Amino acid sequence: MTGYMSGVLAILGINIIFAYSIYITAATGQLNLGGAGFQAIGAYASAILSNEMGFPIGLTLIFASIFGGLISFLIAFPILRTKGVYMVLATFAIAEIVAGVILNSDYLGGPTGIVVNDYIETELILIVAVTVVLFGFYLMSTRIGLAMRAVHDDDAVANLMGVNTRAIQIGAFTLGGAIAGLSGGLYALYFGFVEAQYFNANISIFVLLFVLIGGTQTAWGPLIGASFFTLIPEALRIGDDWRFFIFGIIIVGMMIVRPEGIVTRDALDRVWFKILGKTNV
Amino acid sequence: MSDTILKISNVSKSFGGVKVLENVTFEVEKGNRHALIGPNGAGKTTLFNVISGIHEPDEGRVFFEENDLTQFPSRKRIEKGLSRSFQNIRLMPHLSVLENVMLGQYSRFGIADLLKPLNFSIESTGKIEATETLKRFRIDLYEGRTVSSLPYGVRKKIEVVRALMAKPRLLMLDEPAAGLNTEETDELRKFLNEVSDSGITLLLVDHDMPFVNSLCQQVSVMNFGQLIYNGNVPGLRKDKKVLDAYLGSDD
């Protein structure tokens, strides 16, 4: 495997994990535009735990997730009081606060960032990515997953059906934060350097686009969306200067042709029908 | 056997300055098919919402079997044994028919069952039960499809099946026959008779009088938030207050 290929695969793995973090919240109908903030929390937690406390890699990553999850859990209560576009803005603001805190903290390296001593190989990222994808599919196939999708469609009726809608929303937001933290931890350990400027609004917008373009109706969405977004710009490198222009056109085109995302339930049903001769429900 | 399953006791509810329910009191007997009728805006749906917990009553209590329902949040009431359908169909548009119906079973499962995968497990009793119920009510044809594309009558039926999947002892239906053609209404009546025969008490709101006449044994009539009649169907036609409410009084 060339260095370039290995680098692309590492980024792909991190992006896929990151996409599932946003997807799990989006599946319950909550849009999180603060992805970068939660990823930054995991990345900085890993950097500190690894450098200062000498944690082994496995433990560092576990704590990066716990830290991301814990902070998400705490802010879930005020955040989930908001809805729709207000929630999008509130999560966006959270990411800005996280970046602001890091930039102003000497302990966290301020604007110069932190060099991370430990490092991981691409293979580990891919193993974690596969695990997260499988977990996403598992979760969405359970009754909890069904309840999450029900909350997305009509939370009042879901509540009358006995679903604890608040617990589902807070749980999904917390889990999303934990997975974002995990992706941040992997990022820090792979690139060996973290700086606040990397975890900016662009990152948050892109990861939300991964999910929305991929489709929020099934667990395939974030996988397809993150792969599409990571690999297409690489494939377009031949076009050089024009690649982002072409990429932009492709995104707009996708939104017109498939406003509900690349993978929708109806599309999947048609595929299953062709393969199995019956629908997969 | 005339036990009371549901007791509405002095329930009042206002929205702003508008009194939508005023001291409503009546009982639903166990095993009965009970209709709640009245002109538009009489407060029938509001009463349904108070019973199911969407609205808290300003005054009064709602007793279901031995429980005071007003002590329980709305999501806990389905566990107590009552479930409902909605006047405007409220199915989950992105879920398949089978998934919508399985959502109705949610309250019956503990966390261990909630975490079991539905799609990959070889045998899931909930799924088998849902499939069989759809078959029993002749809507299995659609089970894998998302509901938004289905005909109105089918969706109306799915809502009833979803409510049934909670295994309620009281099934509350808000205008189940509205918008159905004669054939579909006949089929719904047959279907509800089957439900009733299995021991489930029915409380339904409807405007279709022939439908109510042929299905229900007991009727409560509401007008302007007040209960004006509570009794059997034949008595309804002779009651002066009811006639006035529907036909207008002389003065």
Side-chain angles (χ1 to χ4, degrees), chain A residues 26-29 134-169 171 175 215-221 259-261 263-274 276-281, chain B residues 49 52-54 73-80 82-86 89-121 124 126-127 130-131 134 142-149 159 162-163 165-166 172:
Chain A
T28 65
L134 290 177
F135 173 75
F137 273 90
Y138 154 74
L139 182 67
M140 296 320 286
S141 81
T142 63
R143 279 182 194 274
I144 295 285
L146 185 63
M148 288 167 67
R149 286 158 52 206
V151 170
H152 171 280
D153 279 3
D154 189 334
D155 56 345
V157 172
N159 180 59
L160 286 179
M161 292 293 141
V163 177
N164 188 340
T165 48
R166 192 112 181 98
I168 292 276
Q169 286 170 333
L175 190 56
T216 59
Q217 293 176 11
T218 75
W220 288 99
E260 296 220 287
V263 189
T264 57
R265 288 190 59 82
D266 289 338
L268 263 191
D269 281 346
R270 280 197 294 276
V271 173
W272 285 125
F273 197 80
K274 271 192 188 145
L276 302 169
K278 70 182 182 80
T279 50
N280 181 45
V281 279
Chain B
N49 288 344
S52 56
I54 294 175
S74 51
R75 78 182 157 81
K76 289 279 179 195
R77 297 188 189 191
I78 193 165
E79 285 171 33
K80 299 287 163 211
L82 78 166
S83 63
R84 66 169 290 183
S85 74
F86 299 86
I89 299 173
R90 302 265 300 259
L91 292 169
M92 306 301 177
H94 294 107
L95 301 191
S96 71
V97 172
L98 187 62
E99 285 167 337
N100 264 290
V101 167
M102 284 172 81
L103 184 65
Q105 303 168 327
Y106 191 87
S107 61
R108 290 165 41 202
F109 291 97
I111 187 72
D113 282 312
L114 295 180
L115 287 171
K116 274 187 203 153
L118 293 169
N119 287 354
F120 312 119
S121 57
S124 152
K127 194 169 176 176
T131 316
L134 285 173
Y142 306 103
E143 70 175 41
R145 288 179 47 192
T146 47
V147 294
S148 42
S149 58
E159 261 221 348
R162 178 176 71 179
M165 293 313 283
M172 298 169 38

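If you're wondering where the values come from, they're calculated on a predicted model, not measured in any experiment. A note on names: the letters A, B, ... follow the listed sequences, proteins ahead of strands, and every chain is numbered from 1.
Between B:Leu95 atom CG and A:Leu146 atom CG the span is 5.5 Å, to the nearest 0.5 Å. Interatomic distance, CZ of A:Arg265 versus CD of B:Glu99, reported as 4.0 Å (0.5 Å rounding). Taking NE2 of B:His94 as the start and OG1 of A:Thr216 as the end, the distance is 7.0 Å to the nearest 0.5 Å. One distance of note links CE of A:Met161 with CE of B:Met102; it measures 14.5 Å at 0.5 Å rounding.
Counting only heavy atoms from C-beta outward, the side chains of A:Val157 and B:Arg162 approach each other to under 4.5 Å. Within the 4.5 Å cutoff, the side chain of B:Phe86 has no heavy atoms near those of the A:Asp154 side chain.
With a 4.5 angstrom heavy-atom cutoff, B:Arg77 does not touch chain A via any of its atoms. Of the atoms belonging to A:Asp266, it is side-chain heavy atoms, and not backbone ones, that fall under 4.5 Å from chain B. Residue contact with chain A, scored on non-hydrogen atoms closer than 4.5 Å, involves the backbone and the side chain of B:Ser74 alike.
For B:Ser85, the side chain to side chain contact (heavy atoms under 4.5 Å, CB included) partners two or more places apart in sequence, or in a different chain, are B:Glu159, B:Leu173.
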Would you mind writing out the side-chain donor-acceptor pairs for residues 106-118 of chain B within the sub-3.5 Å range, not counting sequence neighbours?
from	atom 1	to	atom 2	distance (Å)
B:Arg108	NH1	B:Glu129	OE2	3.0
B:Arg108	NH1	B:Met165	O	2.6
B:Arg108	NH2	B:Glu129	OE1	2.9
B:Asp113	OD1	B:Lys116	NZ	2.9

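Listed options B:Ile54, B:Leu103, B:Asn100, B:Val97 were ranked by heavy-atom pairs under 4.5 angstrom with chain A; first place goes to B:Leu103. Of the listed residues (A:Ala150, A:Ala156, A:Ala158), the one with the most heavy-atom contacts under 4.5 Å to chain B is A:Ala150.
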